[in-house]
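Step one of this worksheet: look at the structure below.
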Number of protein chains: 2
Amino acid sequence: MKSGKTGGAARGGSIQSLDRAFSILEEIARHEHGLGLVELSRAVDLHTSTVHHLCKTLLSLGYLSQSESGKRYRIGRGVFALASSCADEIELARTARPFLAELSKSTGESAHFAVWAGNQVLILERAYSDSAFQMNERAGMLRPAHCTAIGKALLSGLEPAALDERLDEMTLTPHAPNTIVDKEQLRREIERIRADGVAYDDSEYNEEARCIAAPVRDFRNRVVGAIGFSGPVWRVSLSDLNKYSALTREKSRSLSLALGWRE
Amino acid sequence: MKSGKTGGAARGGSIQSLDRAFSILEEIARHEHGLGLVELSRAVDLHTSTVHHLCKTLLSLGYLSQSESGKRYRIGRGVFALASSCADEIELARTARPFLAELSKSTGESAHFAVWAGNQVLILERAYSDSAFQMNERAGMLRPAHCTAIGKALLSGLEPAALDERLDEMTLTPHAPNTIVDKEQLRREIERIRADGVAYDDSEYNEEARCIAAPVRDFRNRVVGAIGFSGPVWRVSLSDLNKYSALTREKSRSLSLALGWRE
DNA sequence: TTATTATTTCGACAATATGAAAACTAACAA
DNA sequence: TTGTTAGTTTTCATATTGTCGAAATAATAA
């Protein structure tokens, strides 16, 4: 087609090649053992040639690496170097670590500390339990907010105006039988959490998991994260959730205090 | 309009906008407290308008964030999420941590564990000493290879062919009075390190610092990193360097064993 | 207020990223 | 061996896209 009125880069707001490059990085990050060029192109829905150019650039910049044997792409050390300047996040994770360890020890399940990353929830730090079955969640993973305990705990910490904005931007995709897909219902649930101090997830994200979480505040009295734990439904019953709510509330309180929160 | 033979993206091999976007990210990462648009444009030598478009895109993707108060750009949590899939690096850092702590404790100086990142050296993990003056080095920082102890230790672990290649690609930029700027001299020094098992840096990178480092091997008997410590010249004398060489060698050995190295 | 400095938007242009196709490799059967 | 298939890399013509100048807007300072 003719150029017509296809103006500057400000069109969709985004620079295409950047958009694409990062979707490539995200796709690769999602795969434990890396990805080959063709798999990758299929996953991000771009021609191999295009993906190849982008990857070659990322490779030369050190933000991708290639497994010596095959040609599979993996995340490069450049990303690691960049990430180390997320000083606040690293500090938060470090502070949360001992509390997560306690929570995990007391419950026998794995514990998580999460923060906002856009409209999603980023798991900043996690403590592993020593049971054989572990939730498949690692630090660095992104989760939806509306159907996870940590996500709902974070939502409960938003100012009314910010909450409205968030909810408008969010799509309540169903992930498991109990996912809340109605905004009004979610709103009521958030009210409940605000009053109760604890959020639950009873098979809302993963059919086989139940979780609890509570918001964590900093010295400015603002909710900066959420702490909680999750376990398989056959180990964590609904009454367990209730039983552990006080403990979760207490850990969130201790962590908040460690972050300078008072009263 | 000399479009002439200005062909595809494969020209310089690199995609310009990606190149620029990452130089922006790197520049921001370099500044503890973020950067404003104009400072940023000056630093990367691009028009504010261009930088603005790039930053807007990075912002919307979550790889940059803006300090709530001002408009300073900082690294976003997206980078953190990506970095967490550098599983190998994280595992390496975790393994090194206790040995770094011991090294730091015994010497009273800060200790580092570093790996290759392209032709530079990436500090993967560091242990702080409790002295008032600390080297200004954090995990995630990049250092040149030819004038740092960890860098030279890593160089000493390369196969002859790989070493030749590396040296060809490297420019021996002087950083301090004793920086080795002659490739033949560097080659001899690397020979020495290979025989001795320890690399020194006597004011080669920073006039005020001395360091020692030793290569670390994994189960495949390949050098995967280097461990060492550094301190200010007024605390670490040349004879201290000698005194601590055995200790450094020993720590590198223990860490190697922890990584599965045998014999 | 005005002056100054920083951020954001606009729009024309051409340099640049794109994708089709073809060349090249590697792996594997027959 | 040779042929077949799947994956990777290079080439190249083209229009799309990023770029930059300039001007508008916003924020600070004097």
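Here is the naming used below: chain letters follow the sequence lines, and residue numbers restart at 1 for every chain.
Counting heavy atoms from C-beta outward, Leu186(B) and Asp182(B) have side chains that stay 4.5 Å or more apart. Counting heavy atoms from C-beta on, the side chains of Leu155(B) and Leu158(B) come closer than 4.5 Å.
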Give me the distances for all protein-to-nucleotides 21-28 of chain C N/O pairs that come in under 3.5 Å?
none

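Taking side-chain N and O atoms only, Lys56(B) has no distance below 4.0 Å to OP1 or OP2 of dT7(C). Between Gln16(B) and dG18(D) there is no side-chain N or O to OP1 or OP2 distance below 4.0 Å.
Straight-line distance from the CZ atom of Arg72(B) to the C1' atom of dT28(D): 15 Å, rounded to whole Å. Between the C1' atom of dT18(C) and the CG atom of Leu46(A) lies a distance of 10 Å, rounded to the nearest Å. Here the C1' atom of nucleotide dA6(C) and the OH atom of Tyr73(B) are 11 Å apart, to the nearest Å. Here the C1' atom of nucleotide dT19(D) and the CD1 atom of Ile15(B) are 16 Å apart, to the nearest Å. Taking atom NE2 on His53(B) and atom C1' on dA22(D), their separation rounds to 13 Å, with Å as the unit. Rounding to whole angstrom units, CG of residue Leu54(B) and P of dT16(C) are separated by 14 Å.
Ion pairing between Asp88(A) and Arg77(B) fails under the 4.0 Å rule for side-chain N and carboxylate O. Between Arg94(A) and Glu125(A) no salt bridge is recorded (no basic side-chain N to carboxylate O distance below 4.0 Å).
Residues of residues 26-43 of chain A having a heavy atom closer than 4.0 Å to DNA chain D, listed by number: Gly36(A), Leu37(A), Val38(A).
Of the two residues near DNA chain D, Arg20(B) and His52(A), the one whose nearest nucleotide lies more 5' is His52(A).
For Tyr63(A) and Tyr63(B), the ring centers are positioned 6.0 Å apart or more.
Both cation-pi conditions hold for Arg166(B) and Trp116(B): the charged atom is under 6.0 angstrom from the six-membered ring centre and inside a 45 degree cone around its axis. Figure legend: Arg20(B) and Phe22(B) shown without cation-pi pairing, the cationic atom not lying both under 6.0 angstrom from the six-membered ring centre and within 45 degrees of its axis.
Among the heavy atoms of the strands lying under 4.0 Å from Thr50(A) is at least one base atom, whether or not backbone atoms are also near.
A distance-only check finds no donor-acceptor pair linking the side chain of His53(A) to the backbone of Ile15(B) [under 3.5 Å].
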* To do: Kindly indicate, with the supporting measurements, whether the criterion side chain to side chain donor-acceptor pair (under 3.5 Å) is fulfilled by Gln134(A) and Arg126(A).
  => CA-CA 11 Å; Gln134(A) 302 267 337; Arg126(A) 119 159 227 190; 2.6 Å; yes
